[in-house]
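Notes for the one structure printed next.
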Amino acid sequence: METKPQSRVLIVDDMRVNRMILSSLLASNGVLSDLASSGEECLQLCRENKYDLILLDHRMPGIDGVDTFVQLKEIFKEQGREVPVVCHTVEAAKDNINLYKAAGFADVLIKPIQPQRLSDVLMEYLPEGSVESHRNREDEEAKLKVELAKLPRWLSGVPGLDLACGMGNCETADDYVDALAVFAASVTDKADEIERLLAEEDFSRYTLKVHSLKSMARLVGALSLSEAAAEMEAAGKNSDFDVIREKTPMLLSAYRAYADHLSPLSEDAEGES
């Protein structure tokens, strides 16, 4: 009996929720994946294993995506092989996309990554026959409605949470609920860290943290929170420190509110354990 080749992809992202959702989406396409939370871990895994494709986050603490990519090319050169590396980023401007491609990335995925777009990339860059055929648009829309109906009803009452947007970034209702649980569990620590960096006036690291919050909030459908974080990120890049000092308390108040709004998720998890 002939079997399909099994491809393996390395997912590199410093955010756990991004790694979790990408891994689930790959599994739905019949593709295996390994996970790395930093550029350093990515380089080590690529020295030890062979991958058919790398999905590499652009902005990460420590070695960022571009620097990681430069070192990856040296590793692949030593191994005598070529591996496509796809950048994934929230920076959707055309100039940025062209810049990444000019740097040698095979392609660019814009966060939050749409399942259909990811399937297209897998079909293009992985060995023929290793990716399961994806559903058409009508099938995807029908599946989205079915999965939305499976979500806990109380989620529809969470202020500022766009369930269709968040669900559209995940494969199943269970994946979305898991992503929301990870998001909620990290609120206190991440909000406290942003507050501390503001107090220390470490605006460089502050900007990185609100960038991360922008991406994570967008991923789970917390769109107004994502927009507020994007405003603070822009202020950090433009050195508008008075704006940061004025508006960060409102951002953190809205962010911390999600810990309460989503608290039933942790209660449900405790009840199942």
Please step through side-chain contact (heavy atoms from CB on, under 4.5 Å) for the pair Glu41 and Ser38, ending with a clear verdict.
CA-CA 5 Å; Glu41 188 177 4; Ser38 66; 3.5 Å; yes
State whether the side chain of [X] and the backbone N or O of [Y] hold a donor-acceptor pair below 3.5 Å, judged by distance alone.
| X | Y | answer |
| --- | --- | --- |
| Glu124 | Asp120 | no |
| Asn49 | Leu45 | yes |
| Ser28 | Leu25 | yes |
| Asp57 | Met60 | no |
| Asp64 | Val66 | yes |
| Tyr176 | Val220 | yes |
| Gln79 | Cys46 | yes |
| Ser156 | Arg153 | yes |
| Ser253 | Met250 | no |
| Asn169 | Cys165 | yes |

More than 12 heavy atoms from other groups under 6.0 Å of NZ on Lys111:
yes
Just wondering, do [Y] and [X] contact through their side chains at under 4.5 Å, heavy atoms?
| X | Y | result |
| --- | --- | --- |
| Trp154 | Leu262 | yes |
| His88 | Val108 | no |
| Pro249 | Leu251 | no |
| Leu72 | Cys42 | yes |
| Ser186 | Met216 | yes |
| Lys237 | Thr207 | yes |
| Asn18 | Ser215 | yes |
| Val9 | Leu22 | no |

Atom [atom1] in [X], atom [atom2] in [Y]: separation rounded to 0.5 Å?
| X | Y | atom1 | atom2 | value |
| --- | --- | --- | --- | --- |
| Asp52 | Ser33 | CG | OG | 12.0 Å |
| Ile194 | Tyr206 | CD1 | OH | 7.0 Å |
| Ser119 | Leu26 | OG | CG | 9.0 Å |
| Leu225 | Leu161 | CG | CG | 10.5 Å |
| Leu10 | Leu55 | CG | CG | 8.0 Å |
| Leu198 | Leu252 | CG | CG | 7.5 Å |

Give the minimum heavy-atom separation between [X] and [Y], together with the two atoms involved.
| X | Y | result |
| --- | --- | --- |
| Val243 | Ala235 | CG1-CB, 4.2 Å |
| Thr248 | Ile244 | OG1-O, 2.6 Å |
| Ala181 | Leu265 | N-CD1, 3.7 Å |
| Ser212 | Met15 | OG-SD, 3.4 Å |
| Ala106 | Tyr125 | O-OH, 2.9 Å |
| Leu56 | Gly65 | CD2-O, 3.3 Å |

State yes or no: do [X] and [Y] share one hydrophobic cluster built from I, L, V, M, F, W and Y residues joined by side-chain heavy-atom distances below 4.5 Å, directly or via other members?
| X | Y | answer |
| --- | --- | --- |
| Leu32 | Leu118 | no |
| Leu208 | Phe203 | no |
| Val17 | Leu223 | no |
| Ile75 | Val70 | no |

Lys/Arg-Asp/Glu bridge criterion (N-O < 4.0 Å) met for [X], [Y]:
| X | Y | value |
| --- | --- | --- |
| Glu147 | Lys150 | yes |
| Arg256 | Asp192 | yes |
| Arg59 | Glu233 | yes |
| Asp242 | Arg245 | yes |

Are Ile63 and Gln71 close enough, and set up right, to give a side-chain contact (heavy atoms from CB on, under 4.5 Å), and what steps lead you there?
CA-CA 10 Å; Ile63 306 177; Gln71 296 186 51; 4.0 Å; yes
Does the side-chain hydrogen bond (donor to acceptor under 3.5 Å, both in side chains) test come out yes or no for Glu48 and Gln44, once each step is laid out?
CA-CA 6 Å; Glu48 298 172 351; Gln44 185 61 37; 2.6 Å; yes
Run the side-chain hydrogen bond (donor to acceptor under 3.5 Å, both in side chains) check on Ser7 and Tyr51 step by step: do they pass?
CA-CA 8 Å; Ser7 291; Tyr51 296 101; over 6 Å; no
Whether Phe183 and Tyr258 hold their rings parallel, tilted or perpendicular, with breakpoints at 30° and 60°
perpendicular
Check the pair Phe76 / Glu82 against side-chain contact (heavy atoms from CB on, under 4.5 Å), numbers first and verdict last.
CA-CA 6 Å; Phe76 298 147; Glu82 294 184 5; over 6 Å; no
Take Asp178 and Arg16 through the test salt bridge (Lys or Arg N to Asp or Glu O under 4.0 Å) and record every step on the way to the result.
CA-CA 11 Å; Asp178 287 345; Arg16 180 188 169 197; over 6 Å; no
Test log, rule side-chain hydrogen bond (donor to acceptor under 3.5 Å, both in side chains), inputs Thr172 and Asp175:
CA-CA 5 Å; Thr172 67; Asp175 289 338; 3.2 Å; yes
Does Ile113 form a side-chain contact (heavy atoms from CB on, under 4.5 Å) with Val121? I'd like the steps, not just the answer.
CA-CA 11 Å; Ile113 297 170; Val121 165; over 6 Å; no
Option from Arg8, Arg19, Lys50 for which salt bridge (charged side-chain N to carboxylate O under 4.0 Å, His left out) with Asp34 holds
Arg8
